[in-house]
2 protein chains.
Amino acid sequence: MQHETANWEAAREEFIAQWGALGSNWGINRTMAQIHALLMTAPESMYTDEIMQRLHISRGNANTNLRELVGWGLIRLVVKKGERREYFEAEKDVWKMFLTIAKERKRRELDPALGVLKGCAEQTKNEGAGPGRDFHNQMKELQEFVEFGMKVSDTVSSMKHASALQWAMRLLG
Amino acid sequence: MQHETANWEAAREEFIAQWGALGSNWGINRTMAQIHALLMTAPESMYTDEIMQRLHISRGNANTNLRELVGWGLIRLVVKKGERREYFEAEKDVWKMFLTIAKERKRRELDPALGVLKGCAEQTKNEGAGPGRDFHNQMKELQEFVEFGMKVSDTVSSMKHASALQWAMRLLG
DNA sequence: TCTTACTTTCAGATACTTCTGAAAGTTCGT
DNA sequence: ACGAACTTTCAGAAGTATCTGAAAGTAAGA
């Protein structure tokens, strides 16, 4: 076979496209998700121009989203000796990927929510009986729940893959 | 005191505004989050016009987002006997709220992802050694991880609040 | 059947997000 | 110090999501 455009590439194409679409439901932008999918399945690290061509996106777009992915910790920059340009490669270990995403989502979703709840609870701590008290209690309950969730998340995050699996097996078994 | 605009209302106002802003990070639209916050902290059930006035939103907007919240299962419609109009009230139990959201997010985020992964794995199951095989293995790994996560989520979801707490205490302790 | 009290819909307006491409910036080798 | 190779920035264009308000729809009671 002359130019073996391997047929796994078809599946890969599909994966990239679909993953991008899913990104939207996830609150992640499409291009970012596509770049991530592309790099996750890349046998070798890639540089900006390759990524632009492969996904038909502009330089600015590629650059912005690559930086953002580096910010999330989902991809890293690699410099090859003797080469000027920057290459990128994705973390491929599923557990590590999960931890990275979990940590970031906690930071973005839980931390600010906790702040609001604490503030509202504090502000109403002297309410007597009635609706004011009910409101205070509700804020407290929410606050405790979120704090509890964060603790669970931290515990799981500090586990090695193996021990997390073991723990989960016990839960499911 | 003549017209006791209770001061917990100030905290409530804050809660509604902030919760709305947070909704965005969460992939939920601002109005929907605000209506939810309003109803969560309402001493009594409310009807559309009250909600419109309180949040300064249009009838169309209120109606759409109320329906959507009912769809999520986060609020429910209540009919009062002898009254024509529909009232709404939110689920206030934190654990139930959590379960509802977890279930919905699973359905929206995990289920479609799993479909994509299965498809890609299937399509490449006959790849020999090399990049094709690597791709296949990666899809498989992701698939198994997601399936595993879903199982954990299902298990937790089927728990009563008390037993979930107990289980979590064991994990943290 | 008609009126009244409500709910739903949807076309167009507004606001927000993302993308492009060209220009400016940076860094390295000579 | 200069030019080549690369990266970053950003103003405006394009694309999406959300909201409004008025009109249409529905249902109950007289």
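Given the structure is predicted, the values throughout are model-derived calculations rather than measurements.
Here D:dA17 presents its P atom at 16 Å from CD1 of B:Ile28, a figure rounded to the nearest Å. Atom CG of B:Leu55 is separated from atom P of D:dT20 by 10 Å (rounded to the nearest Å). What separates CD of B:Glu83 from P of C:dT7 is a distance of 11 Å, to the nearest Å. Rounding to whole angstrom units, CZ of residue A:Arg30 and P of D:dT16 are separated by 7 Å. One can place CG of A:Leu77 at 11 Å from C1' of D:dT7, the figure rounded to the nearest angstrom. In this structure, CG of A:Leu66 is placed 14 Å from C1' of D:dC6, rounded to the nearest angstrom. Atom CG in A:Asn29 sits about 15 Å away from atom C1' in D:dA14, given to the nearest Å. Taking atom NE2 on B:His56 and atom C1' on D:dT18, their separation rounds to 18 Å, with Å as the unit.
Side-chain atoms of B:Thr41 and B:Phe15, non-hydrogen and from C-beta on, do get closer than 4.5 Å to each other.
Between the side chain of A:Arg85 and the base of D:dA5 there is no donor-acceptor pair of N/O atoms closer than 3.5 Å. In terms of polar N and O atoms assigned as donor or acceptor, the side chain of B:Arg84 comes within less than 3.5 Å of the base of D:dA27 in a complementary pairing.
Checking D:dT7, C:dT8, C:dT27 against the side-chain heavy atoms of B:Glu86 singles out C:dT8 as nearest. Residue A:Ser58 places its side chain closer to C:dT20 than to any other of D:dC19, C:dT20, C:dT18. Considering only the side chain of A:Thr48, D:dT7 comes nearest among D:dT8, D:dT7, D:dC19.
Between B:Asn65 and the phosphate of D:dT18, there is no side-chain N or O to OP1/OP2 separation shorter than 4.0 Å. Contact annotation: A:Asn63 reaches the phosphate of D:dT8 (side-chain N/O to OP1 or OP2, under 4.0 Å). For the OP1/OP2 pair of D:dT18 and a distance below 4.0 Å, the side-chain nitrogens and oxygens of B:Thr64 include no atom meeting the criterion. An OP1 or OP2 oxygen of C:dT8 is reached within less than 4.0 angstrom by a side-chain nitrogen or oxygen of B:Arg67. OP1 or OP2 of C:dT18 has not a single side-chain nitrogen or oxygen of A:Asn61 nearer than 4.0 Å.
The aromatic rings of B:Tyr47 and B:Tyr87 sit perpendicular, their planes meeting at an angle over 60°, well past the 30° parallel limit.
Here the two rings, on A:Phe98 and B:Phe145, have centers that are under 6.0 Å apart.
Across the interface with DNA chain C, nearest-nucleotide mapping of B:Phe88 and A:Thr31 shows B:Phe88 to be the residue nearer the 5′ end.
A:Met52 and A:Leu39 are assigned to two separate hydrophobic clusters, defined by single-linkage of ILVMFWY side chains at heavy-atom distances under 4.5 Å. A:Ile35 and A:Leu77 fall within the same hydrophobic cluster, defined by Ile, Leu, Val, Met, Phe, Trp and Tyr side-chain heavy atoms under 4.5 Å apart, directly or through other members.
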